[in-house]
Asker: 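Below is a structure I'd like to ask you about.
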Amino acid sequence: MRSLLRRCTACGRYTLSKEKCPQCGGPVKVPHPPKFSPEDKYQKYRIMQKLLQGK
Ligand SMILES: [Zn+2]
C-alpha cells in the first residue's frame, strides 16, 4: 500500500498535496520510504553465519 502522504521539506509539515506545501509553499516529498532491502537481510544472515562458523 502506497502512502499518499507527503512531507514539506521546508517546514516539515505533512500534507496530501503532491505539488507543494499548503502552509509555506515549500517543496514536498515522500517521507522516509521503507528501508527494507533484501540485500541487507542476507548480509545480516551472512555475517551471522560467519560468526557461527568462523574461529
Ligand atoms: Zn511547508
Side-chain angles (χ1 to χ4, degrees):
M1 193 166 114
R2 206 189 296 165
S3 173
L4 290 171
L5 207 61
R6 307 292 156 104
R7 193 170 181 220
C8 173
T9 57
C11 71
R13 199 173 262 269
Y14 287 95
T15 175
L16 289 174
S17 171
K18 284 189 240 172
E19 307 282 314
K20 57 182 181 177
C21 174
Q23 297 293 322
C24 70
V28 295
K29 71 177 195 179
V30 181
H32 48 75
K35 264 188 175 178
F36 295 116
S37 160
E39 283 181 34
D40 277 16
K41 213 172 181 180
Y42 287 130
Q43 199 176 19
K44 202 174 178 182
Y45 201 73
R46 225 174 279 152
I47 290 170
M48 269 181 69
Q49 269 192 331
K50 222 175 186 178
L51 283 173
L52 287 173
Q53 290 172 354
K55 269 195 171 179

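In what follows, residues are counted from 1 in the order of the sequence shown. Just so you know, ligand 1 is whichever comes first in the structure, and atom 1 is the first atom listed for that ligand.
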Asker: Main chain of Gly12, side chain of Arg7: is a donor-acceptor contact present, judged purely on distance under 3.5 Å?
Answerer: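 Yes, the answer is positive, given that a donor and an acceptor are paired below the 3.5 Å cut-off.
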Asker: In Å, rounded to the nearest 0.5 Å, how long is the span from CD of Gln53 to CE of Met48?
Answerer: 11.5 Å
Asker: With sequence neighbours excluded, tell me which residues meet side chain to side chain contact (heavy atoms under 4.5 Å, CB included) with Leu16.
Answerer: Leu4, Leu5
Asker: Just list the side-chain donor-acceptor pairs under 3.5 Å for residues 18-31, sequence neighbours left out, or say none.
Answerer:
none

Asker: Considering the Zn ion (ligand 1), could you give the total of protein N/O/S atoms lying closer than 2.8 Å?
Answerer: 4
